[in-house]
Amino acid sequence: MIATNKLKIFNDPIYGFITIPNTLIYDLIQHPYFQRLRRISQMGMSYIVYPGAHHTRFHHALGCMHIMQKAVQTLRFKGVAISNEEENALYVAILLHDIGHGPFSHAMEHSIVEEVHHEEISLKFMNALNEEFEGKLDLAIQIFKGEYHRKFMLQLISSQLDMDRMDYLKRDSFYSGVAEGNINSDRLIQMMNVQDDVLVVEEKGIYSVEKFLVSRRLMYWQAYLHKTSVVAEMTLTKILKRAKELTLKGIVLPCSEPLSFFLNNKITMVSFDKEVLRIFALLDDYDVLGAIKSWQFHSDFVLSSLSKMIINRDLLKIILLDEKADTEKLADYKNKLMALYAISDKEAAYFVFKGKLKNQAYNKESEPISILKKDGTIENLVDSSDQLQVRALSKAVTKYFICFPKVLLDT
């Protein structure tokens, strides 16, 4: 029998060639749990605004692993001891950090499961894979959960300057065409070091960090929190909520078996067992879009109207506000809609609603980005920067919005 060549390379439009470092990583990538990420969009409904944003969580996970390889190489060059076992665990942890994302990334978390977050599902997937791979993911899981004694390793995976953020900013900027998000990840990684078990950036890299934070702020307003992306994602969430509401009333909706399971059952973190995980692993964007294509012709006014909005990109009107929405105005819109279509207040609430958006590029209350000064001392980025910009980026900016059908503009 001919042995399979598992040391493959991927051609990535961002970094060029990405190499698979060993057979364990290859086998994890080949696993159906990971291959599912090819069918989960990285930027949710953003393609409605930016037609190029059709890249997937699969692309992103491989990109994260690639820059983690660069980070390990850089830190070792600077004398940071990282064993082969630790190196491999870092690759596994960053590769699988987003494996728990559901269809269209965040839409499912707010609709057909009850407060079950993708990070918790990622951990469930990692534990299931660890069983299958006979304990080879033990250390990766320890690092991912923050239980490993070398703190900087978790910071490489999850912090305010981690491999996850570095890849998604650069990748999302490339695919969406929003040039403001393009960061110099090579420079940032080259400036990294470890001091007293803390991930630090050398002082000469401070401007690259500032550029990274500015890019993050701009990407949030221009892409992730773009008002049309927001209303599309809200609409998708409401479609799934309505579908679940109708299903629980005994109305059978055409959809795939995995989606039907989640519509028919109340799923919480407590009930999210191995069987639920197995069914969740069969669920992806295609199930949801396929269902929505059918639901646009359903007799239920709410479900069909919302579904048509997504399929035909004829979305609700969304207006951004500096202050909280006027509840009287909202009630007025709702009353007009109820009269226009003879629907109930509860049904009208699917079309007329308010919300808020929060953008904070740097959270100084959270674990700070640490700057290693030339004299060997460590300073918080906010204190180290001579730019007022970083202090400004630390402030959370909140915007409010209201959504309602465009037909109400004429009434």
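Side chains are part of it too, since the values below use all heavy atoms of this structure and drop only hydrogens, waters and symmetry mates.
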Without swapping roles, check the side chain of Gln155 against the backbone of Asp162 for a donor-acceptor pair under 3.5 Å.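 Such a contact is absent between Gln155 side chain and Asp162 backbone.
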
Short side-chain to backbone donor-acceptor contact, Asp300 and Leu246, under 3.5 Å: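 Absent.
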
Quiz question: by atom type and distance under 3.5 Å, do the side chains of Tyr224 and Asp172 form a donor-acceptor pair?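 Yes, because at least one side-chain N or O of Tyr224 sits under 3.5 Å from a partner of the opposite role on Asp172.
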
Do we see a donor-acceptor contact under 3.5 Å between the side chains of Lys211 and Ser215?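 A donor-acceptor contact under 3.5 Å links the two side chains.
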
Which side-chain N or O atoms in residues 313-322 pair as donor and acceptor under 3.5 Å with protein atoms at least two apart or in another chain?
{"residue": "Arg313", "atom": "NE", "partner": "Ile48", "partner atom": "O", "Å": "2.8"}
{"residue": "Arg313", "atom": "NH2", "partner": "Ile48", "partner atom": "O", "Å": "3.2"}

Less than 4.5 Å apart, any side-chain heavy atom of Phe280 and any of Phe272?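 Heavy-atom side-chain distance check passes, below 4.5 Å.
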
Within this structure, what is the CG-CD distance for the pair Leu199 and Gln160, rounded to the nearest 0.5 Å?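 Leu199 atom CG to Gln160 atom CD measures 12.0 Å (nearest 0.5 Å).
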
Inter-residue atom distance Gln69.CD - Glu87.CD, 0.5 Å rounding: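 If we round to the nearest 0.5 Å, Gln69:CD and Glu87:CD are 8.0 Å apart.
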
Centroid-centroid under 6.0 Å between Phe174 and His55 rings: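 No, they do not, as the ring centres are separated by 6.0 Å or more.
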
So which atom in Arg187 and which in Ser208 form the shortest heavy-atom distance, rounded to 0.1 Å?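 For Arg187 and Ser208, the tightest heavy-atom pair comes out as CG-OG, 3.0 Å.
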
Please check if the number of heavy atoms outside [X] that lie under 6.0 Å from its [atom1] is greater than 12.
X      : atom1 : answer
Glu120 : CD    : yes
Glu257 : CD    : no
Lys356 : NZ    : no
Lys293 : NZ    : no

Give the intermediate values and the outcome of side chain to side chain contact (heavy atoms under 4.5 Å, CB included) for residues Ser260 and Leu263. CA-CA 5 Å; Ser260 176; Leu263 292 177; 5.6 Å; no

Evaluate side chain to side chain contact (heavy atoms under 4.5 Å, CB included) for Lys354 paired with Phe401, printing each intermediate quantity in order. CA-CA 6 Å; Lys354 61 180 180 173; Phe401 66 84; 5.8 Å; no

Of the options Asp98, Asp167, Asp164, Asp285, which is the one that meets Arg57 in a salt bridge (Lys or Arg N to Asp or Glu O under 4.0 Å)?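 Exactly one pass, corresponding to Asp98.
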
Hey, is Glu367 close enough to Lys151 for a salt bridge, meaning N to O under 4.0 Å?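 Looking at Lys151 together with Glu367, the answer is yes, because their closest N to O distance falls below 4.0 Å.
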
